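Only one structure is covered here, and it is reproduced in the block below.
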Number of protein chains: 2
Amino acid sequence: MVQDGGTARQNILDAASSLFAERGFEGARVDEIARRAGVNKAMLYYHVGNKQALYTAVLKRNVECLEKELLDSLGSQLSLAERFRLVISTIGSFLQSFPDHPRIMLREFASGGDRMEPVVIEGFVRILAMIRSLLEEGVRSGEFRATDPLMTHISVVGASLVLNAVQPLRSRVVAIGPTFEVPGEGVDVGAFLSDFLLHGLSTSSPGEKP
Amino acid sequence: MVQDGGTARQNILDAASSLFAERGFEGARVDEIARRAGVNKAMLYYHVGNKQALYTAVLKRNVECLEKELLDSLGSQLSLAERFRLVISTIGSFLQSFPDHPRIMLREFASGGDRMEPVVIEGFVRILAMIRSLLEEGVRSGEFRATDPLMTHISVVGASLVLNAVQPLRSRVVAIGPTFEVPGEGVDVGAFLSDFLLHGLSTSSPGEKP
DNA sequence: TAGAATACTAACCAACTGGTTAAACCAACC
DNA sequence: GGTTGGTTTAACCAGTTGGTTAGTATTCTA
């Protein structure tokens with residue numbers, strides 16, 4: 001029997017996604033994924049396959065979604081800086097609608113991409129290439145400093161992922177050491193980050209906020 | 001019988017650290033930690049305690065070490081920018097001598113700090129406070145833009161952690177999509193990052209490399 | 001050197017894990 | 001009404017896991 005809100009397969013992927021984010025690949029229990037999806041465990045193996053296939057399916061879905069949204073953003077006829085902001089905010093809103101994704105990716109980075117199958121890596125490589133060409137365009141036009149594009153990209157991704165993933169940890173930090181006030185719940189990570197990065201990349205005089 | 005290179009406890013912590021980094025808390029098997037430490041499993045429980053205590057011990061050791069090194073760096077009588085660079089490079093060299101640490105921390109961020117006990121969090125809060133006061137000093141003196149200190153800190157940490165942790169993944173990415181050449185093995189992450197960040201923070205005209 | 005404290009080991013265990021299976025359900029089509 | 005094909009289930013299984021135990025060796029100390 002198909003559960004509320006989608007096909008059995010979708011429910012399974014949703015449940016798997018949140019559990020992989022919470023506990024990691026090893027920590028997530030197949031039984032619990034099935035239970036949370038409102039599905040018998042055997043159904044899960046019937047519809048998706050084993051644990052690894054489940055993991056790959058979750059990642060593939062996320063990457064394909066991000067890629068689609070980025071292609072839209074990059075197709076626009078805007079100035080470089082505007083497109084850059086748009087890309088950052090696209091990534092930002094993606095990470096907010098897929099809050100499991102940054103957490104899964106952080107773990108993946110930590111383990112050296114052990115569990116990432118080629119299908120998934122290929123998707124990431126395409127996304128990487130998009131942003132790389134954006135950075136290179138900026139360097140050619142003289143708007144951006146000539147930084148190592150891969151390092152820059154990784155920095156941006158790292159900052160985004162951690163900024164997004166770290167949200168739940170903040171309250172615990174604040175609880176222990178009230179050295180830091182909590183910024184308002186709805187802190188605009190994207191706006192912060194694109195300001196932060198543009199100031200870091202720009203060769204034009206800072207001080208003015210574009 | 002104490003193993004080569006240190007006390008049994010140290011060997012156990014070393015083995016645990018590398019396995020927690022490789023596989024995460026759930027993925028790391030106590031038997032393998034013991035085997036890699038050259039120690040009987042019961043010895044591990046005798047010397048350190050259960051798996052959670054082992055994990056806490058590893059993190060505590062790392063944090064205490066970083067804190068000590070940062071205190072040295074911040075005690076120096078240098079200009080703000082120089083101290084900032086020194087702090088970044090201190091963190092950089094710490095992350096290189098404790099390559100397990102960024103990987104463990106990324107997982108910890110991903111899981112919302114589930115496994116981090118107060119002793120450990122307190123250490124991080126102290127470190128956070130140090131760097132926060134450095135940023136605030138910069139804002140007061142007019143050298144740094146007034147950014148949200150916690151967000152800035154998290155960005156810096158995120159970028160550092162991911163830059164360091166992602167090293168092994170790079171080769172796989174390059175193998176699949178040769179869009180990116182591998183930067184020379186010994187890329188100076190610290191130098192890259194402090195340039196990147198100072199340009200992002202500075203209100204003085206960029207272009208000149210301080 | 002007696003004996004107490006510490007350091008160490010092999011073997012064991014109950015609980016759990018990913019994965020399978022054989023049988024049942026159920027709509028649609030003949 | 002029967003049968004076919006996709007879907008669903010409870011029960012099961014072999015291998016693994018964190019943790020323990022009962023007993024042995026080594027070192028310290030009085």
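This one's a predicted model, so the numbers in the text were calculated from it and none came from an experiment. Every chain is numbered from 1, with letters handed out A, B, ... down the list of sequences. Note that these values count all heavy atoms, side chains included, but never hydrogens, waters or copies made by symmetry.
One can place OH of A:Tyr55 at 17 Å from C1' of C:dG18, the figure rounded to the nearest angstrom. The distance from atom CE of A:Met43 to atom C1' of C:dC25 is 12 Å, rounded to the nearest whole Å. Computed from coordinates, the B:Phe25 CZ to D:dT17 P distance equals 14 Å when rounded to whole Å. If you measure from atom CD1 of B:Ile33 to atom P of D:dT16, you get 18 Å, rounded to the nearest angstrom. Rounded to an integer number of Å, the gap from B:Glu26 CD to D:dT17 C1' is 12 Å. Between A:Tyr46 atom OH and D:dT9 atom P there is a gap of 13 Å when expressed in whole angstrom units. Computed from coordinates, the B:Asp31 CG to C:dA11 C1' distance equals 13 Å when rounded to whole Å. In this structure, the CZ atom of A:Arg35 is 19 Å from the P atom of D:dT8, given to the nearest Å.
Using a 4.0 Å heavy-atom criterion, one finds that A:Ala28 contacts the sugar-phosphate atoms exclusively.
The phosphate of C:dC8 has OP1 or OP2 within less than 4.0 Å of a side-chain N or O from B:His47. Checking the phosphate oxygens (OP1, OP2) of C:dC16, no side-chain nitrogen or oxygen of A:Arg29 falls inside 4.0 Å.
Relative ring orientation between A:Phe25 and A:Phe20 is described as parallel, the plane-to-plane angle staying below 30° on a 0-90° scale split at 30° and 60°.
Between A:Glu26 and B:Arg23 no salt bridge is recorded (no basic side-chain N to carboxylate O distance below 4.0 Å). Using a 4.0 Å cut-off between charged nitrogen and carboxylate oxygen, B:Arg107 and B:Asp114 do not count as a salt-bridge pair. Between A:Arg36 and A:Glu32 there is a salt bridge, since a side-chain N of the basic residue sits under 4.0 Å from a carboxylate O of the acidic one.
Across the interface with DNA chain C, nearest-nucleotide mapping of A:Ala42 and A:Gly27 shows A:Gly27 to be the residue nearer the 5′ end. Across the interface with DNA chain C, nearest-nucleotide mapping of A:Asn50 and B:Asn40 shows B:Asn40 to be the residue nearer the 5′ end.
For a distance-only test at 3.5 Å, the side chain of A:Lys41 qualifies as a donor-acceptor partner of the base of C:dG19.
Closest approach to the B:Tyr45 side chain among D:dT20, C:dG19, D:dT7 is made by D:dT20 (side chain taken as heavy atoms from C-beta onward).
Judged by distance alone, with hydrogens and angles left aside, the side-chain atoms of A:Arg83 form no donor-acceptor pair with the main-chain N or O of A:Ser73 at under 3.5 Å.
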